Amino acid sequence: MPVKYPIPRGTFDVLPSESYKWEFIESKFRQVAKAFGYKEIITPIFEHSEVFERSVGDSSDIVQKEMYKFQDKKGRSFALRPEGTAPVIRSYVEHNMGADNQTNKLFYIGPMFRYDRPQAGRSRQFSQYGLECIGSNHPYYDAEVIQVFYTFLKELGLKNFSVEINSIGCPECTENYNQALIQYFQPHIDELCTDCRNRLEKNPKRLLDCKVTACKKISKEAPSMLDYLDESCKVHFAQVQAYLTMAGIPYIVNPRIVRGLDYYTNTAFEFINNNLGAQNALGGGGRYNKLVEQFGGKDTPGIGFAGGLTRLLISLEQEKLFMGDDNKPMFYFIALGEKVMPVAIEMISFLRSHKFYTEFDIEKKGIKNQMKNANRLMCRYTLILGEDELAKNIILMKDMLNGEQKELNLEDFKVIIDSLKVSSQS
RNA sequence: GUGGCUGUAGUUCAAUGGCAGAGCACCGGAUUGUGGUUCCGGGCGUUGUGGGUUCGACCCCCAUCAGCCACCCCA
């Protein structure tokens, strides 16, 4: 059947068979983030283009090739947000949240947009969860941010992932290191792939990530970032690791982690799941000590991370961590005949107002048909009210697990429902 | 953005260039007010879309759209 209006490329519908998983993941993230003292912030889905161009970086692929940019009716340039940190910092500065001299801890969940060729784990609209800790350069917070992510994944039951950390130092260290890399690779320039020749000029650190065997071979002996950290950056990184150990978080130091957004300084980290194929990063983050200043605020350090919801979902499913939808009906109400409707509807309203998920289908006729339906929906109890029952002032309640059926006095009904509520809560 | 693989019923998949099929799901029935198991019955689908080759195309060719894989990028 040809679809008249197909969904845009790289987007997807989250259907009821999936949406409860999204709700579960989001509520778990909120719960964990709140336990660490983070508060939710909700920013617009679009911003002035400059918010991203001047922070994520003019030269980054995200800004150059992947941003959904558009003009409004007055010719102003906006962009659908490609990531979550820049908007949060924009908001932080705009509302002068640093005025209280406290460390501000914020989290968010929401859709992001990047124009890229779709693949499993990579779509044009995707959902990210993330958080930002703004106002302190204490290495404890570097570890705390990683700990929130780690705790979240563990709470979901995920086993198959690793934490990789690195420090790219302050801008001075990075500059020194870039020079060292250029010096190292320059003599080998003829052996490098064309991409890497470009990288050598634009962003030498990217060479370390190249998958071409020839480049890999050369970069194997390349100088390590960690040898180019100055004394204070070195101490900071060592302390981050100390705090991670105190928090009981296993990690790997990977000097080749290079983050793609320009604003990162010092600590950078990634959460990797190698069963995910090419899109193997569950999430990542790092410190951005110059970003608030770039947005016109006063010199304020910060650190944060973001993770992809869909990739997490794929990982959870690989590990079979979803057993099913727990939103099953408590009751299925079968009302037989028009005469019983006034009483039936009053009872159904009563159940629902007591927060019992109660199914009722006024169009389905016949007790057999409806029993079948109750069974398919996996209802716990079926309530049957026909004219015979109404005449005797009773209702039938059938336990769908063992097939036992009881007659209840209508007067006793509310009392019994109340007691059910108590027992299901305990 | 580059290269490759794929596209058939709600879904998972069949069908040498010669009448488009099966499992699951769904709907109906097996003496009228009781589910799950069983049995019986129920499918004319623009074979993603548009062209072309051919007596004849799900099958071959071209284009296009979409998904997937690798690159790239990163969540």
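So you know, we letter chains A, B, ... as the sequences are listed, proteins then strands, and number each from 1. Computed from a prediction, not measured in an experiment: that's the story for all the values here.
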| Polar side-chain contact A:Lys368-B:U34 base: donor and acceptor under 3.5 Å | no
| remark: Closest of B:C72, B:A75, B:G35 to the A:Gln279 side chain is B:C72
| task | Check every strand shown and say whether A:Leu396 touches a base, only sugar-phosphate, or nothing at a heavy-atom separation below 4.0 Å. | result | base
| request: Report the residue (A:Lys364 or A:Gly10) whose heavy-atom-nearest nucleotide on RNA chain B is the more 5′ of the two. | output: A:Lys364
| request: Check every strand shown and say whether A:Asn373 touches a base, only sugar-phosphate, or nothing at a heavy-atom separation below 4.0 Å. | output: nothing
| Between A:Phe107 and A:Tyr38, is the ring centre distance below 6.0 Å? | no
| request: With the side chain of A:Ile384 defined as its heavy atoms from C-beta on, choose the nearest nucleotide among B:C74, B:A75, B:U34. | output: B:U34
| request: Please report, rounded to the nearest Å, how far the P atom of B:C65 is from the CZ atom of A:Arg124. | output: 11 Å
| said: Do the side chains of A:Lys364 and A:Glu359 get close enough for a salt bridge, i.e. N-O under 4.0 angstrom? | reply: no
| query | How are the rings of A:Phe12 and A:Trp22 set to each other: parallel, tilted or perpendicular (split at 30° and 60°)? | reply | tilted
| Going by the angle between their ring planes, with limits at 30° and 60°, are A:Tyr129 and A:Phe149 parallel, tilted or perpendicular? | perpendicular
| message | Expressed as a whole number of angstroms, how long is the span from A:Leu276:CG to B:A70:P? | response | 10 Å
| field | Steps toward ring pair (Phe, Tyr, Trp, His ring centres under 6.0 Å) verdict (A:Phe161, A:Tyr150) | value | CA-CA 10 Å; A:Phe161 69 91; A:Tyr150 182 85; 5.8 Å; yes
| said: Under 4.0 Å, counting only non-hydrogen atoms across every strand here, what does A:Arg376 touch: a base, just sugar-phosphate, or nothing? | reply: sugar-phosphate
| Please give, in whole Å, the distance from B:G29 P to A:Asn369 CG? | 7 Å
| task | To the nearest Å, give me how far apart CD (A:Glu389) and C1' (B:U34) are. | result | 11 Å
| Within the structure shown, what part of the strands sits under 4.0 Å from A:Gly366 by heavy-atom distance: base, sugar-phosphate, or nothing? | nothing
| With no hydrogens and no angle check, do the side chains of A:Tyr332 and A:Asn373 hold a donor and an acceptor under 3.5 Å apart? | yes
| query | Looking only at side-chain N and O atoms, does A:Arg9 come under 4.0 Å of OP1 or OP2 in B:G67? | reply | yes
| request: Find the distance A:Gln64:CD to B:C72:P and express it as a whole number of Å. | output: 17 Å
| field | Stretch residues 115-123 of chain A: residues that reach within less than 4.0 Å of RNA chain B through a heavy atom | value | A:Asp116, A:Arg117, A:Pro118, A:Gln119, A:Ala120, A:Gly121, A:Arg122, A:Ser123
| task | Determine whether the side chains of A:Gln179 and A:Gln183 contain a donor N or O and an acceptor N or O closer than 3.5 Å. | result | no
| said: Once you apply a heavy-atom cut-off of 4.0 Å, does A:Met400 come out as touching a base, just sugar-phosphate, or nothing? | reply: base
| Euclidean distance, atom CG of residue A:Leu15 to atom C1' of B:G10 [Å, nearest integer] | 12 Å
| query | Nearest heavy-atom pair of A:Pro87 and A:Thr43: which atoms, and what distance? | reply | CB-OG1, 3.6 Å
| task | Kindly write out the residues that satisfy salt bridge (Lys or Arg N to Asp or Glu O under 4.0 Å) with A:Asp61, not counting sequence neighbours, or none if the list is empty. | result | A:Lys65
| Judged by atom type as modelled, is there a donor-acceptor pair below 3.5 Å linking the side chain of A:Glu389 to the main-chain atoms of A:Gly386? | yes
| said: Quiz question: going by heavy-atom distance under 3.5 Å, is there a donor-acceptor pair between the base of B:U34 and the side chain of A:Gln405? | reply: yes
| request: Please measure how far the P atom in B:G41 lies from the corresponding atom in B:U49, and state the result in whole Å. | output: 32 Å
| query | What pattern of brackets, bars and dots sums up RNA chain B from 5' to 3', given Watson-Crick or G-U wobble pairs under 3.5 Å, [ ] for crossing pairs and | for another strand? | reply | (((((((..((((....[..)))).(((((.......))))).....(((((..]....))))))))))))....
| said: Using heavy-atom distances to pick each residue's nearest nucleotide on RNA chain B, tell me which of A:Ile62 and A:Asn402 is more 5'. | reply: A:Asn402
| Whole-Å gap separating P (B:U32) and CD1 (A:Ile367) | 12 Å
| said: Can you measure A:Ile257 atom CD1 to B:A75 atom C1' for me and round it to whole angstrom units? | reply: 15 Å
